[in-house]
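Here the structure is laid out as structure tokens; the discussion comes afterwards.
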Amino acid sequence: MTFHSAFHKVLNSENNQLIDQLRQGGKDALATIYQLYRAEFIRWVRASSSCDEEEAKDLYQQSIIILYENLIGGRVTEFTSSIKTYIFG
């Protein structure tokens with residue numbers, strides 16, 4: 001197994017654990033996801049668009065809410081990518 005494939009296996013396992021915890025109403029999992037990608041998302045949005053920091057923060061919060069509602073509501077039952085890709089998409 002290459003480093004790349006081993007890394008993705010670990011990442012997918014962690015993603016699946018967080019997703020399972022979220023589906024069970026785990027607020028700690030939501031807080032973990034929120035903190036994990038927040039700064040990078042805000043930098044990415046500001047670099048790729050003309051919005052200011054407050055707008056980027058609002059977009060991030062909306063992305064997290066959409067992720068949570070889609071998981072809890074059953075609209076997303078399986079990820080074919082990482083949580084990060086879903087949030088940034």
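What you see below is based on every heavy atom in this structure, not just the backbone, and it leaves out hydrogens, waters and symmetry mates. Since the model is a prediction, treat every value here as computed from it, not as a measurement.
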At their closest point, which heavy atom of Cys51 faces which heavy atom of Ala56, and how far apart are they?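 What the structure gives for the nearest pair is SG-N, 4.0 Å.
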[X] side, atom [atom1]; [Y] side, atom [atom2] - distance, nearest 0.5 Å:
| X | Y | atom1 | atom2 | answer |
| --- | --- | --- | --- | --- |
| Leu59 | Phe88 | CG | CZ | 12.0 Å |
| Leu71 | Ile19 | CG | CD1 | 6.0 Å |
| Asn16 | Ser82 | CG | OG | 11.0 Å |
| Ile87 | Leu67 | CD1 | CG | 5.5 Å |
| Asn70 | Ile65 | CG | CD1 | 11.5 Å |

Contacts of Lys84 that satisfy salt bridge (charged side-chain N to carboxylate O under 4.0 Å, His left out) - sequence neighbours left out: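 So Lys84 forms a salt bridge (charged side-chain N to carboxylate O under 4.0 Å, His left out) with Glu40.
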Is there side-chain contact between Asp20 and Gln17, with heavy atoms separated by less than 4.5 Å?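 No. Closest side-chain heavy atoms not under 4.5 Å.
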Between Val76 and Tyr86, is any pair of side-chain heavy atoms under 4.5 Å apart?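 Yes, their side chains come closer than 4.5 Å.
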Keeping to residues at least two apart or across chains, list the salt bridge (charged side-chain N to carboxylate O under 4.0 Å, His left out) pairs with something in residues 64-74.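 Listed by first then second residue: nothing to list.
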In residues 24-35, what donor-acceptor pairs under 3.5 Å come from side-chain atoms, sequence neighbours left out?
unit_1, atom_1, unit_2, atom_2, d
Lys27, NZ, Tyr68, OH, 3.3
Thr32, OG1, Asp28, O, 2.9
Tyr34, OH, Arg38, NE, 3.4

Please table the atom pairs, donor to acceptor, closer than 3.5 Å between any side-chain atom in residues 41-50 and protein atoms at least two apart or in another chain.
unit_1, atom_1, unit_2, atom_2, d
Ser48, OG, Trp44, O, 2.8
Ser49, OG, Val45, O, 2.7

Please step through side-chain contact (heavy atoms from CB on, under 4.5 Å) for the pair Tyr37 and Ile64, ending with a clear verdict. CA-CA 10 Å; Tyr37 301 114; Ile64 293 296; over 6 Å; no
Looking at residues at least two apart in the chain, or sitting in another chain, which of them share a side-chain hydrogen bond (donor to acceptor under 3.5 Å, both in side chains) with Asp52?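 So Asp52 forms no side-chain hydrogen bond (donor to acceptor under 3.5 Å, both in side chains) with any residue.
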